[in-house]
Amino acid sequence: PMFPAAIPHRAETLQVLRLIINEPILMLSGDDEGYGSRWTIGGQQVQPAIARYLMESGFVAEIGKTEFGARKLALTPSGNQFREKGLNWWSGLSLLQKIRVTLLG
C-alpha cells in the first residue's frame, strides 16, 4: 500500500482532504472545564484523530483566526502532495477495496 497503516480512518481522512480545498478546517479550542478542542469543516465535525494526524504530520497549518477566535487550518504544500497521492491511491482501488477501506479503516 502507498500509505502507512498509521493514517487514521483512511476514507474519512481522504474526505477531509477533499473538503479542505474549498474551506479551511476550523479548530475550536477547548476550555478550562475539561472540554477539549473540536475541529469542523463545512459545519461537520472532523474526528480528533484525523485532525491531530494532519496537524502533527505538517499537512495543515494555521492561516489565521475567525472573528470568533477559531483557528483556521489549511493545507500546506506537503498537505497538497499528500492529498494528490491520496486521490490517486483511491482512484486505483476497486469497488470492493473501497468498501473494505471505508468499513475497516
same_hphob_cluster(Y53, I21) at 4.5 Å side-chain heavy-atom cutoff: yes
Contacts of type side-chain contact (heavy atoms from CB on, under 4.5 Å), residue E62, not counting sequence neighbours: K65, R71, L73
Distance-minimising heavy-atom pair for A49 and P8: O-CG, 3.6 Å
Would you be so kind as to tabulate the donor-acceptor pairs closer than 3.5 Å made by side chains of residues 77-84, with sequence neighbours excluded?
residue : atom : partner : partner atom : Å
S78     : OG   : G58     : O            : 3.2
S78     : OG   : T76     : OG1          : 3.1
R83     : NE   : L17     : O            : 3.0

Closest approach of S37 to M27 (non-hydrogen atoms, all atoms of both residues): OG-CE, 3.7 Å
By side-chain contact (heavy atoms from CB on, under 4.5 Å) - contacts of R52 (at least two apart): W39, P48, E56
Nearest-0.5 Å distance, CZ of residue F59 to CD1 of residue I20: 12.0 Å
Polar side-chain atom of T66 near backbone of F68 as donor-acceptor pair, under 3.5 Å: yes
Check: N88 main-chain N/O paired with S91 side-chain donor or acceptor under 3.5 Å: yes
Heavy-atom closest contact (W90 atom, K98 atom, distance): O-CE, 3.0 Å
Side chain to side chain donor-acceptor pair (under 3.5 Å) against E12, all qualifying residues, sequence neighbours excluded: Q47
Any residue meeting side-chain contact (heavy atoms from CB on, under 4.5 Å) with L104, in chain and number order, not counting sequence neighbours: R100
Inter-residue atom distance T13.OG1 - L54.CG, 0.5 Å rounding: 6.0 Å
From I50 atom CD1 to M55 atom CE, the distance as rounded to the nearest 0.5 Å: 14.0 Å
Shared hydrophobic cluster for V101 and I99 (ILVMFWY, side-chain gaps under 4.5 Å): no
Contact summary for I63 and P24, nearest pair of heavy atoms: CD1-CB, 4.4 Å
Minimal non-hydrogen separation, I41 against V16, with atom names: CD1-O, 4.1 Å
Test item: V46 and T40 side chains (from C-beta on) under 4.5 Å apart, heavy atoms: no
side-chain contact (heavy atoms from CB on, under 4.5 Å) involving S94 - partner list, sequence neighbours excluded: L96, Q97
